[in-house]
Amino acid sequence: MTTERTLLMVKPDGVRRNLVGLIIARIEQKGVVISNMRMFCMDDAFARTFYAEHDGRDFFPALLSYMTSGPVVALQVESPNAVAIVRTSIGATRPEDRLPGTIRADFSTQLTENVVHASASPTDAERELALVFGDSCTTLGSIHT
Ligand code: CMP
């Protein structure tokens, strides 16, 4: 299986609640490689682009307000099947569907303020990683070899 990469992002509520270290530790313990990391604040234009697929949904204004409310911490994560592995680790969008042991189940009861984001597909991952990291550090699997 070839290495795949994905985006894991600690959202503003996760940063405010000092959960960054815990979340990074949990994902590292699985054995994936963190190959890039960036803390930054989304402005309105960036958030609209990042979440363009949700434009027009009733929750879109609240999502923009939430995601621009403070810094986020974005991680590029690499492993075989990284997209599915990280998505499974964060848990479902709906609070009642979150399995115990997932990050969202363990740290949030909220629908909007759900602590973390992870890319939904390899195509989404490449789009989101390019938005967040641009051209920096695009080498796959170059760490821990
Ligand atoms: P996420 O699944 O990472 O991406 C879309 C985000 O919009 C979601 O996390 C929540 O933070 C937020 N959101 C708020 N309400 C909804 C909803 N009804 N359905 C999906 N996402 C929602």
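Just so it is clear, the model here is predicted, and its values are computed rather than measured. For ligands, and for the atoms within them, numbers begin at 1 and follow the listed sequence. The basis for the numbers below is simple: all heavy atoms, side chains too, and nothing from hydrogens, waters or symmetry mates.
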Using the rule that two of Ile, Leu, Val, Met, Phe, Trp, Tyr join whenever any of their side-chain heavy atoms come within less than 4.5 Å, decide whether M39 and V77 are in one cluster. yes

Among all protein non-hydrogen atoms, which one is nearest to atom 13 (N) of ligand 1, and what is the separation to 0.1 Å? F59 CD1, 3.6 Å

For residues T3 and E78, is any side-chain donor paired with an opposing acceptor at under 3.5 Å? no

Looking at every heavy atom in both V132 and F40, which two are closest together, and how far apart are they? CG1-CE2, 3.9 Å

Nearest non-hydrogen protein atom, atom 5 (C) of ligand 1: H54 NE2, 3.4 Å

Interfacing atoms of ligand 1 (cut-off 4.0 Å, heavy-atom, L111): 10 (C), 11 (O), 15 (N), 16 (C), 17 (C), 18 (N)

At what distance is the nearest protein heavy atom to atom 8 (C) of ligand 1, and which residue and atom is it? N114 ND2, 3.6 Å

Nearest non-hydrogen protein atom to atom 2 (O) of ligand 1, with distance, is T93 OG1, 3.3 Å

Nearest non-hydrogen protein atom, atom 6 (C) of ligand 1: L63 CD1, 3.7 Å

Look at atom 3 (O) of ligand 1 and find which of R104, E113, M9 reaches it with the closest heavy atom. R104

Flag the pair D106 and R26 as a salt bridge only when some basic side-chain nitrogen lies within less than 4.0 angstrom of an acidic carboxylate oxygen. yes

Report whether I34 and L8 are members of the same hydrophobic cluster (ILVMFWY, side-chain heavy atoms less than 4.5 Å apart, transitive linking). yes

Give a yes or no on whether the backbone of V115 and the side-chain of R104 come within a donor-acceptor separation of less than 3.5 Å. no

In Å and rounded to the nearest 0.5 Å, what is the CG to CD1 distance from N114 to I90? 7.0 Å

What protein heavy atom lies closest to atom 4 (O) of ligand 1? Include the residue and the distance to one decimal. Y51 CE2, 3.7 Å

Identify, for atom 14 (C) of ligand 1, the protein heavy atom at the shortest distance, and state residue, atom and that distance. T112 OG1, 3.2 Å

